[in-house]
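Below is one structure, written out as structure tokens; the observations come after it.
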Amino acid sequence: MRSSTFVFYLCLGFGLVQPACLGAPGRAAEPQFWFQRALVGVEVGPTGAQFSNSDTNDTRYCARFNGAEVVRRCVAAGSEYLVIWARDGDYAYYDSRLLLKCPGLGERDVLREAIAEARPHKLPVIAYCVVQQGGHYLAAHPEFEMRDAQGRRLGRFCYNSGYLEVMKQIVAEQLAYGLNGFHIDMLDQGFGPPYGCWCEACRKQFEAQFGGPMPNGVTWDENWDRMLEFRYRSSERFEKALYAHIKSLDRRASVDFNYHGNPPFSWEVGQRPVQHAGNGDFVTGETGMWGFSAATVGLNAEFYRAATPNLPFQIAISRDARCYHNQTVRPLADLRWELFALLAHGGFVTVVDKMGFDGWLDPVCYERLGAAFKEAQAKRSHFGGQPVQDVAIYFSSRTRDWVGRENPAEYFQSFQGAHKAMLYEHVPWGIVLDENAKLETLRQFAVVLLPNVGIISEKELALFARYVEVGGNLIVTGLGGCCDSRGKLRDNTTLEKLTGARFVRRLDSLDNWVQFPKSQATGLARHFAPASGADALFLVKGPAGVFEPITATPAGQLLKPYRTTRQSEGKEGTSWPMSAEAPVGPALLLNTVGKGRVLTFAGSPDYATASERHIPEARRLLASAVRLLHPSPRIEIAAPVNVEAVVTDDPSERTLRVHLLAYHSPPQTTPLERRPYVLPALLEDAPIYRATIKTAQPVKRATAFNQTTRITHRGRQVQVVVEDIHEVIALTY
Ligand SMILES: [Zn+2]
């Protein structure tokens, strides 16, 4: 993450796992790795070579970058480990026999300084080392460079080129310092076009694997399907070989790869969510306003958990406002919010500090981190419980690749909107990934939500059918199951037996409307009618289809929008929503299958929720669906929409914990460019808000962490008035 991350943020850093390596077989005691007990740590790296090809004569750069001083700051701040910059695309920050050493260091060696200073403190030192990043090394070694279909150089390393042998030597010379492990960043294949790689080595390997030549470019056909597979395999092989090499040198050295398998990343990076998360000891991913959003902080954490079940997962965040390398320090409230959101979701957190150009360390950064870390450590016993989650949000990598193709954001809108709806409605949610979903995985959830999952394989269909038959509940939105394996629209849906509804056609509009008219006096229609009253019409922006019931019970109506004459003639765009014209089919359909139920939305309330036209009515369709299918949850939480609730259980202590995270961002003003798109302002204050928690089972005792929290408890209901960014309510049952 990060020198390179800059490159990365423009286009758009990574992580892996091999549980088998964690313990020597047959030994009673598992070896204790630093990451099995870690909660908070710091990564420190330079600023000034992140754009690569920096001036090799500029000895001002990193002149003050001192490993011993970095360790002293981290120890004083309570950091539990240190990730320190060892290699980026331009330089080594140690005495390397293989790489150009950063000239500003002179005779000094940052790795040696850091390790010597860390030893008496027993502070684990992890080397930050990039794989990808253009710069002085790649410029000197074009033989390792990716090529496009026309043979042009792409400014990135090819994983089949022989570069692996160089990386093995680089990690070996770093490991000889006595490191505790590696954080290996930038194991991507680029973050957008032009794509690679068509070099001679890749062409040969492709032919050997698939018995035919590579496609001539991005063809989105059968041969491109093989190309995607080839790219995934190339990255996987590289990661596994590098991991095995490090372990062969020192099995106690940890290896984690920074991960790019979650949205907004897609196939171009060369990572499938599960295939590439599990190739190190644990996965590392990033969050933060620099490349994601406030809502996706928790989403990313749960995505990393789902990609590497039962393993620790690390999230890297930035101390800077906006993005890495900008030398600002976020207010403590802002840092606390992101840190505690991630800890509540069960991850451990690395805060990235980018030094000044000359290697200056900002004391304000370490003061604030010290305060936040002290609080995290005081709350340590409240983190890491078993997640209590009612709804699984299903992610399909196949749909990402073949429906999303070169515009995956269209698919991510539905996935992320489903998450946003659960977040705002305080419905406890988790993530399930197509690659590792089994019946046991689905059965951990009362409801599985398929957000516009266009491609559903035979295997997935059988899995969903079994899940529903034994009492599970499915929610299907939009064009779920309506695409073939390469993303082309079918004339039926693979889900027909489950949804009990026939797919008639796709609407060619996104500005679609929903209504639950008074004339439909059924209980089902009334359940979904918005608070503004039956007959209210509301926009549910997103893909929609016309469905006819076979065995399902329909409710409400889906309405197509008007099109002006000029729109019909193609002379005006349709990105501005037009008003509702006429009903075309039911808004939703409910079908019973075995002991379970399947609720199909003809439109896409998930897509609508992530869209620029998000109105609460659209989002509440999803919450109403969950309440219909799962009427008696273990826990129900009512709180303002800007408060996130994360629920965990500790069965050994018979304690439920409700973490409450308040995202209290003040209003922004008009930006310099790209009006009206604004980034949220940094959090400065602790808000005051009320929340109500209801439980299915009686609560013996309810306690708040903060003395300022007012808490009242009567039977199965607990009310709190909180004045903080983070609070954790412990409920003993
Ligand atoms: Zn190649």
Side-chain angles (χ1 to χ4, degrees), residues 4 7-8 11-14 16 52-53 87-90 98-99 129-171 184-245 257-261 265-272 275-276 279 401 405-406:
S4 11
V7 178
F8 161 88
C11 32
L12 241 258
F14 74 87
L16 316 192
S52 304
N53 302 305
R87 185 228 176 170
D88 58 25
D90 276 352
L98 303 161
L99 303 163
C129 182
V130 296
V131 171
Q132 289 291 1
Q133 191 184 353
H136 298 316
Y137 189 84
L138 182 60
H141 294 278
E143 71 274 22
F144 299 140
E145 195 161 347
M146 272 190 182
R147 308 285 159 154
D148 71 7
Q150 284 72 45
R152 288 175 295 222
R153 293 164 62 171
L154 292 184
R156 289 192 287 273
F157 292 99
C158 164
Y159 295 132
N160 297 315
S161 63
Y163 179 50
L164 172 63
E165 295 310 311
V166 175
M167 278 304 305
K168 285 180 179 176
Q169 295 171 37
I170 292 172
V171 293
I184 299 181
D185 195 8
M186 308 308 289
L187 234 155
D188 58 271
Q189 297 190 29
F191 295 94
Y195 312 114
C197 173
W198 276 265
C199 76
E200 278 312 307
C202 283
R203 285 180 190 274
K204 269 193 195 145
Q205 286 201 26
F206 186 94
E207 288 232 21
Q209 287 182 39
F210 298 104
M214 284 182 149
N216 294 323
V218 187
T219 50
W220 293 108
D221 56 10
E222 191 180 354
N223 215 18
W224 185 251
D225 214 346
R226 295 187 193 109
M227 183 67 168
L228 290 186
E229 195 59 48
F230 178 76
R231 295 172 94 253
Y232 290 138
R233 286 184 200 170
S234 298
S235 287
E236 183 185 18
R237 205 167 41 243
F238 192 97
E239 290 161 5
K240 285 184 166 167
L242 195 56
Y243 178 89
H245 180 70
F257 297 103
N258 196 22
Y259 177 68
H260 297 105
F265 311 109
S266 188
W267 60 270
E268 73 282 351
V269 176
Q271 296 191 355
R272 265 198 195 108
Q275 184 179 354
H276 295 87
N279 298 330
D401 290 3
R405 297 194 175 191
E406 295 189 79

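Quick caveat, the model's predicted, so the values are computed rather than measured. In what follows, residues are counted from 1 in the order of the sequence shown. The basis for the numbers below is simple: all heavy atoms, side chains too, and nothing from hydrogens, waters or symmetry mates. Every number for a ligand or one of its atoms is a count from 1 in the order of the listing.
Every residue two or more places apart in sequence or in another chain was checked for a side-chain hydrogen bond (donor to acceptor under 3.5 Å, both in side chains) with Ser161, and none qualifies. Checked against side chain to side chain contact (heavy atoms under 4.5 Å, CB included), Asp221 has the following partners two or more places apart in sequence or in another chain: Thr219, Asn223, Trp224. Checked against salt bridge (Lys or Arg N to Asp or Glu O under 4.0 Å), Arg237 has no partners two or more places apart in sequence or in another chain.
Annotation: protein N, O or S atoms under 2.8 Å of the Zn ion (ligand 1) (waters excluded) comprise Cys158 SG, Cys197 SG, Cys199 SG, Cys202 SG.
With values rounded to the nearest 0.5 angstrom, Tyr232 atom OH is found 12.0 Å from Glu236 atom CD.
In this structure, Gln150 places its CD atom where more than 12 heavy-atom neighbours from other residues, nucleotides or ligands lie under 6.0 Å away.
Ring geometry for Phe157 against Phe144 counts as tilted: the plane angle lies between 30° and 60°, on a 0 to 90° scale.
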